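Okay, structure first, notes after.
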Amino acid sequence: MDELDQGMKKDEWKSRLGFMLAAMGSAVGLGNIWRFSYVAGENGGATFLLIYIFFILAFGIPLLLAEFSVGKAGKKDAVGSFMRLAPGTKWHWTGVMGVIGGTLILSFYSVVSGWSLYYLFHYLIGDFWTEPTGGFGQGFEDWTSSTWGPLIWQFLFMVAVVFVVIRGIKRGIERANLIAMPALAILMVVLAVYSLTLDGASEGLAFLFTPDWSQLSNPQVYLAAMGQAFFSLSLGISGMLTYASYLKSKDRLPAATVGIGVMDTVFAVIAGIVIFPAVFSFGVDVQSGPPLVFITLPSIFASMPAGGLVGTAFFVLLVMAAYSSALSMLEIPVAFFHRTLGLSRKAASILCGSVIFAIGITVSIGYGILSHVTIVGNKGILDSIDYVTGNFILPLGAMLIAIFVGWYWTKDQAIKSSEINNHSLQSIWYFIVRYIAPVVVLVVAITSIFG
Ligand code: TRP
C-alpha cells in the first residue's frame, strides 16, 4: 500500500453488478440520446450507425478493457494509477489530460443537463404539454440566450451531482445507479414501443436501418462515428479507469466490459427508435442539429396523443441519463484531488464542482451575451469544447492508453491485467490494442483534419 493510501478508508464497489451498473450509467447519457440522435441525423442515419457499431465492437470494447485494466491494476485515480504503474515516466500526463478533459466535458455537459432539468420541470407542471406562444424553437432560443435561468438550473444539477459524489463510491455513486439504471431501461423501452406505433414509424426506421452506401466514402462520417463511439463509451479521459480502480480484485473484467459496451450500444439504438420514427412521422428535418431534442421533440410531443405524458417520461429519462454520466465525470478530478493530492473527498467534490460550474457559466452565456464568441472555426463556445474534446482529447487519450497497455506494459503484463482467459481472444485483443487502435485513431483524426 502507498503511504497516501494509509489512513484513508478504502472505498470500493459493493458488488460487480454495482460496478457494471455505474459504468453503464456513465456510458449511457446525453451522448446516447441528445448527441447520438443529432450526429446520426446529420451523418446519414443508417450508414453512420453501421460504422458506429463497427467502431464500438472493433475498437471501443477492446479499448474499454484496456482502460479498465489500467485502473484495476493501478488502484488509484487517473494520475495516481499511472504514477504507480509507471513511476518516473511522463505517463501520468495521460491522466492529467483526463482530469482536464473530464472537467471541460462536464462544464458543457452540465449546461445541457440544466436545460433538460428545466424542460422536465416544465413538463411536470404541464407547461410544455402544448406549444407555447411563439413555438418551441423561439422558446428554446429565448431561454438559452437568457442569462440567469439556465445558470440556476445548471447550478441545481451540479449541486445534485456533487451531493452524491461526496458520499463516495459505495454509498453514493453505486446506490444512485442501482436505482437510476433499471428505471432508465424501462422508460426507454416503453417510449420505443410507443414510438413504433406512430404513423411514420417505418420511414424513421428506414432512416436508421437502411444504409446509403455512398456515404461510406465520406471521411467525415468516420470521424463522427469514432468520436461518438469514444464519447458514448466514456473512453479516453480515464473516467472508466477511475471506476475500475474501485473494483475488488476478485471481480473479473472481460465479461463485464462486453456487457457494458453492448448495453451502451443497445441504449443508443433504442434511443434512435424512440426519436426517428417521431421525427419522420411529423415530417421534421433530421438534420436540425443539437436542438433536435429540445425543439423538434417537444413540438412533436405537443401534437401527439398523450404527448404531455410522453414528454414528461422522455425528460425524466434524459435527466437521469445525464445525471449518472455526470457523476462519473466529476469523479475523475475528484478522485485525483482526493487520492493523489490528499484533499478530503468532500473538499475535493466541492472544489471541482465549483470550478466546473464556473467554466460552465462561460459556456452557458455563450448562448447569450457571449454568443458572438467563436473558438474553433465558426463554432460557439459549447460546440467548440464538444468538438475539441470529442474529436481530439478523447481519441488521443484512448490512443495513449492503448499505447501504454500495448507498448509500455509487457505482453504478459497486459494480458494478465486484461484477465482474458481464452488464448485466441487474448491475441486478438492484444493485437488490436497494440497495433490497430493507435493507427486507426491517428489515421481517422489526420484525414478529417486535412481531408
Ligand atoms: N458517455 C456519456 C454519454 O454518452 C458521457 C460521459 C460520461 C463521458 N463520462 C465520460 C464521456 C467520460 C467521456 C468521458 O453521455
Side-chain angles (χ1 to χ4, degrees), residues 21-40 52 55-56 60-61 63-64 67-68 71 77-78 94-95 97-113 115-116 157 161 164-165 173 176-177 180-181 184 188 224-245 260-261 263-272 290 293 317-336 352 356 382 385-401:
L21 289 177
M24 282 177 205
S26 169
V28 177
L30 293 175
N32 299 59
I33 306 168
W34 165 70
R35 201 175 186 280
F36 175 81
S37 57
Y38 87 75
V39 176
Y52 169 73
F55 272 116
I56 293 271
I61 293 180
L63 287 175
L64 184 59
E67 218 187 289
F68 280 155
D77 58 284
T94 306
M97 203 173 81
V99 169
I100 297 173
T103 304
L104 285 177
I105 296 183
L106 188 52
S107 75
F108 79 79
Y109 205 84
S110 58
V111 172
V112 182
S113 303
W115 299 346
S116 312
F157 181 82
V161 173
V164 163
V165 171
I173 297 179
N177 279 292
M181 287 314 290
L184 200 76
M188 195 98 144
M226 185 178 72
Q228 177 62 21
F230 288 143
F231 187 88
S232 193
L233 285 178
S234 305
L235 279 179
I237 52 169
S238 298
M240 291 303 202
L241 182 158
T242 307
Y243 267 13
S245 73
I260 294 160
M263 280 311 290
D264 180 56
T265 310
V266 169
F267 268 100
V269 172
I270 301 182
V293 155
L317 179 85
L318 198 62
V319 167
M320 280 200 317
Y323 186 63
S324 55
S325 297
L327 294 176
S328 78
M329 270 183 259
L330 183 60
E331 180 61 26
I332 304 170
V334 166
F336 166 63
C352 298
I356 289 165
L382 189 148
I385 302 184
D386 185 10
Y387 183 81
V388 171
T389 50
N391 292 331
F392 300 99
I393 297 191
L394 300 186
L396 181 63
M399 187 171 88
L400 286 173
I401 293 172

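All values below come from the heavy atoms of this structure, side chains included, with hydrogens, waters and symmetry mates left out. Treat the numbers as computed from the prediction; the structure is a model and nothing was measured. In each ligand, atom 1 is the first atom listed, and ligand 1 is the first ligand listed.
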Problem - Value rounded to 0.5 Å, distance of CG in Leu104 from OH in Tyr109 - result: 15.5 Å

Exercise for the section: Using a strict cut-off of 4.0 Å, indicate which atoms of ligand 1 neighbour a heavy atom of Ile237. Expected result: 12 (C), 13 (C), 14 (C)

Practice task
Examine the side chains of Thr242 and Asp77 and answer whether a donor and an acceptor come within less than 3.5 Å of each other.
Solution key: no

Problem - Polar side-chain atom of Ser234 near backbone of Ser26 as donor-acceptor pair, under 3.5 Å - result: yes

Fill in the blank from the handout: ligand 1 to Ser328, heavy atom cutoff 4.0 Å, flagged ligand atoms 7 (C), 9 (N)

Practice task
Kindly say whether Gly29 contributes a backbone atom to a donor-acceptor pair with the side chain of Asn32 at under 3.5 angstrom?
Solution key: yes

Handout entry: Expected output: side-chain Ser37 to main-chain Val293 donor-acceptor under 3.5 Å
Key = no

Practice task
Give the residue and atom name of whichever protein heavy atom lies nearest to atom 4 (O) of ligand 1, and the separation in Å to one decimal.
Solution key: Ala27 O, 2.9 Å

Completion exercise
In this structure, CG of Leu106 is separated from CZ of Phe157 (nearest 0.5 Å) by 7.0 Å

Exercise for the section: Check if Gly29 has a non-hydrogen atom at a distance under 4.0 Å from any atom of ligand 1. Expected result: yes

Exercise for the section: Determine whether the side chain, the backbone, both or neither of Phe231 has a heavy atom under 4.0 Å from any heavy atom of ligand 1. Expected result: both

Fill in the blank from the handout: Residue, atom and distance of the protein heavy atom nearest atom 8 (C) of ligand 1 read Ser234 OG, 3.5 Å

Handout entry: Polar proximity ligand 1 side, Leu233 side, N/O cut 3.5 Å exclusive
Key = no

Practice task
Please confirm whether Trp34 comes under 4.0 Å of ligand 1, counting heavy atoms of the residue only.
Solution key: no

Fill in the blank from the handout: One finds that the ligand 1 atoms under 4.0 Å from a non-hydrogen atom of Asn32 are 4 (O)

Handout entry: Side chain Glu331, main chain Ala326, donor-acceptor under 3.5 Å
Key = no

Exercise for the section: Return yes or no for this condition: an N or O of Leu30 is under 3.5 Å from an N or O of ligand 1. Expected result: yes

Practice task
Please work out which of Gly31, Ser26, Ser232 has its closest non-hydrogen atom nearest to atom 2 (C) of ligand 1.
Solution key: Ser26

Practice task
Write down the atom of Leu330, the atom of Cys352, and the distance for their closest heavy-atom approach.
Solution key: CD1-CB, 3.8 Å

